[in-house]
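Please read the structure below before turning to the comments.
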Amino acid sequence: MDPGQQSDTLPQPSEDYFTWDYRLQLIGLGFTFYVAIFLLSHLLSWAVSCTYHSLLAKEQVFWNLAATRAVFGIQSTIAGLWALTVDSMLFRDRVRGQEDWSWFNILTATGFFVFENLALHTSSVVFRSFDLPLATHHFFALSGYAGAVVWDSLGHFLPMVTLLLEMSTPFTCISWMLLKAGWAHTLFWKANQWVMIHTFHCRMVLTYYMWWVAVTHWGELTAHVALPQLLLFFTGLALLTFIINPIWTHKKTMQLLNPVDWNFSNKPTPVNGSMKGQSEDSVKPHNS
């Protein structure tokens with residue numbers, strides 16, 4: 001059977017996912033859930049962590065954002081691995097395939113990226129700082145997933161594989177929190193750092209795979225995907241492949257050899273988690 005004909009016989013997503021009321025509800029659910037994770041991280045850290053009390057306000061925001069991204073990273077890793085390993089409609093038709101579970105992840109991820117952009121620009125105003133590369137990264141993330149909602153004929157295989165790039169976030173969260181607590185010279189921190197570096201190399205391999213899928217399905221992509229969405233996807237993928245991933249992989253590797261907080265002006269790591277007396281000149285960073 002022709003692959004295109006085979007994909008037409010596969011189950012279609014629920015009609016609910018093509019109504020804007022339902023879509024906005026799930027986007028709102030994703031936004032609300034990750035706001036709740038951010039606030040829960042703050043409350044738990046305030047209650048149990050001496051290190052958290054000693055951080056500057058902007059570092060506390062970053063701490064909670066790191067925890068929130070870690071939770072999103074778990075969701076994204078599950079979704080991405082499911083798309084890569086399960087014989088689903090997405091895997092059979094990599095340009096037009098959609099299922100209920102992929103729609104759920106598209107919509108809740110859009111809610112998360114709305115939260116991320118709101119957190120970035122709010123902190124930029126409050127702390128009088130602006131990170132252009134980070135703002136650009138968040139712009140492409142939100143625009144890409146919002147575009148997948150607007151142009152709803154787009155298949156979900158590549159968006160789900162893109163989510164798998166978030167596999168590194170749980171390990172970067174652990175790395176940064178332990179580094180601030182003065183555990184950077186422990187075996188546990190170094191082991192976590194090794195795993196984190198490995199995930200960044202996996203991210204690079206994953207971007208090469210996404211290029212291969214795009215090239216081998218070029219005719220279908222140009223026929224079925226809107227031009228603005230194609231431009232967003234390939235621009236973002238090029239930035240990830242040639243600039244962002246190599247820079248982050250290099251920095252994480254150097255951090256293993258020289259544990260410094262390069263997120264905040266390359267500050268030396270504390271021995272006992274004390275952060276008092278630090279400069280107020282650090283800028284809002286990104287933890288991938």
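Bear in mind the structure is a predicted one, so any value in this text is a computation, not a measurement.
- More than 12 heavy atoms of other residues, nucleotides or ligands shown are found within 6.0 angstrom of CH2 on Trp211.
- Counting heavy atoms from C-beta on, the side chains of Pro246 and Met204 come closer than 4.5 Å.
- Trp103 and Asp16 are not linked by any side-chain donor-acceptor pair at a separation below 3.5 angstrom, with hydrogens and angles left out of the test.
- No donor-acceptor pair closer than 3.5 Å links the side chain of Ser41 to the backbone N or O of Ile37.
- The closest side-chain heavy-atom distance from Ser76 to Met167 is not below 4.5 Å.
- Distance check, rounded to the nearest 0.5 Å: SG of Cys173 to CZ of Phe62 gives 9.0 Å.
- The shortest heavy-atom contact between Leu179 and Pro259 is CD1-C, 4.5 Å.
- Contact of the Arg92 side chain with the Asp87 side chain is registered, since non-hydrogen atoms from C-beta on lie closer than 4.5 Å.
- Between Phe91 and Trp82, the distance from one ring center to the other does not fall under 6.0 angstrom.
- The shortest non-hydrogen separation linking Gly73 to Thr169 is CA-OG1, 3.2 Å.
- Clustering ILVMFWY residues whenever any of their side-chain heavy atoms sit less than 4.5 angstrom apart, transitively, puts Leu164 in the very cluster that holds Tyr209.
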So Gln98 and Met89, side-chain contact (heavy atoms from CB on, under 4.5 Å) or not? Walk me through it.
-> CA-CA 6 Å; Gln98 301 177 357; Met89 186 174 180; 5.6 Å; no
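- Using a 3.5 Å distance cut-off with no hydrogens or angles, the side chains of Gln255 and Gln193 do pair a donor with an acceptor.
- For the atom pair Leu231 CG and Ser143 OG, the distance stands at 12.0 Å (nearest 0.5 Å).
- With ring centers used as reference points, Trp248 lies under 6.0 Å from His137.
- In His53, the NE2 atom is crowded: over 12 heavy atoms of neighbouring residues, nucleotides or ligands sit closer than 6.0 Å.
- In this structure, a donor-acceptor pair under 3.5 Å is present between the side chains of Gln75 and Thr108.
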Test log, rule side-chain contact (heavy atoms from CB on, under 4.5 Å), inputs Asp93 and Val95 | CA-CA 6 Å; Asp93 188 344; Val95 176; 4.1 Å; yes
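- Of all heavy-atom pairs spanning Gly144 and Gln229, the tightest one is O-NE2, 2.9 Å.
- Between Tyr17 and Tyr22, the ring center distance clears the sub-6.0 Å criterion.
- Residues Leu237 and Leu227 do not share a hydrophobic cluster, clusters being chains of Ile/Leu/Val/Met/Phe/Trp/Tyr side chains in contact below 4.5 Å.
- The local environment of CZ in Phe140 is crowded, with over 12 non-hydrogen atoms from other residues, nucleotides or ligands closer than 6.0 Å.
- Between the side chain of Gln60 and the backbone N or O of His42, no donor-acceptor pair lies under 3.5 Å.
- Here the side chains of Phe171 and His198 are not in contact, with every heavy-atom distance at 4.5 Å or above.
- In summary, Arg69 and Glu166 do not engage in a salt bridge, as defined by a charged side-chain N under 4.0 Å from a carboxylate O.
- We find the CG-CG distance between Leu29 and Leu24 to be 12.5 Å, quoted to the nearest 0.5 Å.
- Leu40 and Trp46 are not part of a single hydrophobic cluster, where members link through side-chain heavy atoms under 4.5 Å apart.
- Leu165 is listed as a side-chain neighbour of Leu240, based on a closest heavy-atom distance under 4.5 Å.
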Expected list for residues 149-163: side-chain donor-acceptor pairs under 3.5 angstrom, two or more places apart:
unit_1: Asp152; atom_1: OD2; unit_2: Arg23; atom_2: NH2; d: 2.7
unit_1: His156; atom_1: ND1; unit_2: Ser102; atom_2: OG; d: 2.8
unit_1: Thr162; atom_1: OG1; unit_2: Leu158; atom_2: O; d: 2.7

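- The six-membered or imidazole ring of Trp63 lies near that of Tyr52, with a centre-to-centre distance under 6.0 Å.
- Taking hydrophobic clusters as Ile, Leu, Val, Met, Phe, Trp and Tyr residues chained together by side-chain heavy-atom distances below 4.5 Å, Phe242 shares a cluster with Leu239.
- For the atom pair OG of Ser168 and NZ of Lys252, the computed distance is 8.0 Å after rounding to the nearest 0.5 Å.
- Taken from CG in Asp261 to OG in Ser175, the straight-line distance is 9.5 Å, to the nearest 0.5 Å.
- For the pair Trp101 and Leu90, the minimum side-chain heavy-atom distance is below 4.5 Å.
- Salt bridge annotation for Arg96-Glu220: absent, with no cationic side-chain nitrogen under 4.0 angstrom from a carboxylate oxygen.
- The same ILVMFWY cluster, assembled from side-chain heavy atoms under 4.5 Å apart, contains both Leu65 and Leu118.
- Side-chain contact annotation: Tyr145 with Asn105, donor-acceptor N/O pair under 3.5 Å absent.
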Check the pair Met196, Ile174 against side-chain contact (heavy atoms from CB on, under 4.5 Å), reporting the backbone distance first and the verdict last.
-> CA-CA 10 Å; Met196 180 180 63; Ile174 294 171; over 6 Å; no
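- A distance-only check finds a donor-acceptor pair linking the side chain of His217 to the backbone of Val213 [under 3.5 Å].
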Given side-chain contact (heavy atoms from CB on, under 4.5 Å), test Phe31 with Thr110 step by step and report yes or no.
-> CA-CA 8 Å; Phe31 177 85; Thr110 302; over 6 Å; no
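- Considering only heavy atoms from C-beta on, Phe112 comes within 4.5 Å of Thr68 through its side chain.
- Thr235 places no side-chain N or O within donor-acceptor distance of the main-chain N or O of Leu232, the cut-off being under 3.5 Å.
- Here the side chains of Phe113 and Tyr34 are not in contact, with every heavy-atom distance at 4.5 Å or above.
- For the atom pair CG (Leu206) and CZ (Phe200), the distance works out to 13.0 Å, reported to the nearest 0.5 Å.
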